[in-house]
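The next block holds one structure in the form of structure tokens; read it before the comments.
Whatever order the structure lists them in is the order used to number ligands and atoms, beginning at 1. Bear in mind that the values here come from a model prediction, so they are computed numbers and not experimental data.
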Amino acid sequence: MVKPTQQVMRLGFGFAVSQALRVIIELGIPDLLAAGKSSVAELAAATRSNADALYRVMRLLAAEGVFREVLPRHFELTEMGTVLRSDRPGPRDFIHMINSEAYLAFGQLMHSVHTGKPAFDKVFGSPRFDWLSEHPEQAALFQRAMVALSQGSNEAVADAYDFRPFTRVVDLGGGHGQLLAEILVRNLHLSGVLFDLPSGVAAAQQGAGGHLPRTEFVAGDFFESVPIGDVYVVKKVIHDWDDERAKAILRNCRKAMLPGGKVLVAETLVPSGDEPDQIKQIDVVMLAVTGGLERTKAQYASLLDAAGLKLERVIPTRGPISILEASAV
Ligand SMILES: C[S@@+](CC[C@H](N)C(=O)[O-])C[C@H]1O[C@@H](n2cnc3c(N)ncnc32)[C@H](O)[C@@H]1O
């Protein structure tokens, strides 16, 4: 039986595993192993790495089930490692992104706990999305990471909601545009608006989230104003912001929406109880990185209420994400 000391030590070493994963993703090791096993010497030569150091990192990840050491210093991918290949849909870009700037911000998590403010701003000198606007490469990785994180959930949202009564859907903070693409392909009567910061719009225009027919691409700032539409999808956006900022976005939807319109906040609700749930990890990431938070149904209801919107119903999807449907009060 694993002793409490061992369990807690394992938790305490979490950073070693997450950073090792980032390194092998950045080096492209899973792709180099796509054809089958390889020696560390070959992998090190192909990635211009130190073979002994790379071996130690791969041995750690083999112990976590990512690789299998089939012969001394020869590795192959396990099933888990295979999802890190670049030709497979999976969390690869998300793991890369979250272990980059977000990881550095996490070094100052105590600052967030003392102040309630995002450590990211202290470490990088500007808020997360402002910083991304000035770093196009990282912004592009961020958008790919959002696609990776959304595996299955965009389809689940598009399937779960009846868009037939509407004509113009605005994907607010839609980034890469994958959700909008899934909605438009199922609803040929709809036109779409992809609204995001310039970096998000650029990703969508380059096809990061798929083909976007009948779509107007609008770069802007949702704290200033949002385009007119009769249904707004706001997926994984409200969780980026504290209550004041979140209310400002929702109020702008309320102002711009056509009569009879709806706002669909698509988020993962924080469950009660102590069960492990990834949303609790993402919540603390939000605390340190953007200053946002994950919320319960009651918290979303009061946020919507303060923005002049009424939570009509919570529509479950087949994924962990729910649709909170709101209309004007
Ligand atoms: C967490 S991502 C969610 C992206 C997408 N909706 C999804 O579910 O994958 C948040 C999005 O909000 C966008 N964003 C951040 N600040 C914004 C602002 N002030 N105005 C418009 N979009 C913004 C980001 O560029 C990013 O694409």
Side-chain angles (χ1 to χ4, degrees), residues 89 91 93-94 97-98 101-102 118 120-121 126-136 138-158 161 169-183 192-206 208-210 212 215 217-227 229 232-242 244-253 256 263-268 278-279 282-283 285-287 289-295 317 319-324:
D93 288 323
F94 186 80
M97 183 277 289
I98 207 71
E101 308 89 63
F120 187 96
D121 302 20
S126 62
R128 174 65 164 156
F129 288 108
D130 294 359
W131 188 89
L132 283 175
S133 293
E134 281 151 26
H135 295 82
Q138 284 85 354
L141 173 63
F142 177 83
Q143 291 297 342
R144 294 199 303 279
M146 290 305 107
V147 176
L149 188 63
S150 298
Q151 289 307 310
S153 74
N154 291 320
E155 293 89 330
V157 169
Y161 193 74
V169 54
V170 181
D171 189 358
L172 206 66
H176 47 81
Q178 196 184 55
L179 174 57
L180 186 57
E182 295 296 341
I183 294 170
V193 181
L194 190 289
F195 183 86
D196 206 286
L197 295 171
S199 56
V201 172
Q205 282 175 320
Q206 285 155 19
L212 283 168
T215 297
F217 296 88
V218 183
D221 177 355
F222 47 43
F223 295 112
E224 285 178 10
S225 63
V226 307
Y232 292 81
V233 287
V234 196
K235 177 175 155 275
K236 294 278 179 195
V237 166
I238 299 303
H239 80 156
D240 285 333
W241 305 102
D242 63 23
E244 281 318 303
R245 307 283 276 169
K247 272 184 244 171
I249 299 169
L250 294 168
R251 267 194 216 108
N252 281 342
C253 293
V263 177
L264 310 178
V265 174
E267 294 282 359
T268 301
Q278 203 172 70
I279 203 65
I282 296 180
D283 177 53
V285 171
M286 291 300 148
L287 168 68
V289 177
T290 65
L293 66 153
E294 301 298 342
R295 295 174 172 90
T317 71
I321 195 157
S322 299
I323 303 170
L324 297 111

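Of all protein heavy atoms, the one lying nearest to atom 10 (C) of ligand 1 is D240 OD2, 3.3 Å. In terms of protein heavy-atom proximity, atom 22 (N) of ligand 1 is closest to F222 CE2, 3.2 Å. At the shortest separation from atom 8 (O) of ligand 1 among protein heavy atoms lies K235 NZ, 2.7 Å. Summary of contacts: the protein heavy atom closest to atom 24 (C) of ligand 1 is D196 OD1, 3.4 Å. Protein heavy atom nearest atom 9 (O) of ligand 1, with residue, atom name and distance: H176 NE2, 2.8 Å. Shortest contact from atom 4 (C) of ligand 1 to any protein heavy atom: G173 O, 3.3 Å. If you check which protein heavy atom lies closest to atom 3 (C) of ligand 1, you get K236 O, 3.4 Å. Nearest non-hydrogen protein atom to atom 19 (N) of ligand 1 is D221 OD1, 2.9 Å.
Interface of G175 with ligand 1, defined as ligand atoms under 4.0 Å from a residue heavy atom, comprises 27 (O). Close contacts between ligand 1 and F223 involve ligand atoms 19 (N) [criterion: under 4.0 Å to a heavy atom]. Atoms of ligand 1 found under 4.0 Å from any heavy atom of W241, numbered from 1 in the order shown, are 16 (N). The atoms of ligand 1 that sit less than 4.0 Å from any heavy atom of G220 are 20 (N), 21 (C). Each of the atoms 9 (O) of ligand 1 lies under 4.0 Å from some heavy atom of S150.
Using modelled atom types and a 3.5 Å distance limit, the side chains of Q178 and N154 yield a donor-acceptor pair. For the 3.5 Å distance criterion, the side chains of S153 and K236 fail to qualify, holding no donor opposite an acceptor.
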Tabulate below the donor-acceptor pairs under 3.5 Å that side-chain atoms of residues 138-150 make, not counting sequence neighbours, or state none.
unit_1, atom_1, unit_2, atom_2, d
Q143, OE1, H176, N, 3.0
S150, OG, M146, O, 2.7
S150, OG, K235, NZ, 3.1

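In this structure, V170 and V226 have side chains that are not in contact, with every pair of non-hydrogen atoms separated by 4.5 Å or more. In this structure, the side chains of V157 and I321 come closer than 4.5 Å at one or more pairs of heavy atoms. Residues V233 and L172 form no side-chain contact, since every pair of their non-hydrogen atoms from C-beta on lies 4.5 Å or further apart. The side-chain heavy atoms of M286 and I282, taken from C-beta on, include a pair separated by under 4.5 Å. Between T290 and W241, the closest side-chain pair of non-hydrogen atoms is not below 4.5 Å.
The salt bridge (Lys or Arg N to Asp or Glu O under 4.0 Å) analysis of residues 195-204, with sequence neighbours excluded, yields no pairs.
Only side-chain heavy atoms of Q143 come within less than 4.0 Å of ligand 1; its backbone N, CA, C and O stay farther off.
Look at L179 and you'll find every heavy atom at least 4.0 Å from all atoms of ligand 1.
For D171, no nitrogen or oxygen atom sits less than 3.5 Å from a nitrogen or oxygen atom of ligand 1, counting backbone and side chain alike.
Remark: D130 CG to F120 CZ distance equals 9.5 Å, nearest 0.5 Å.
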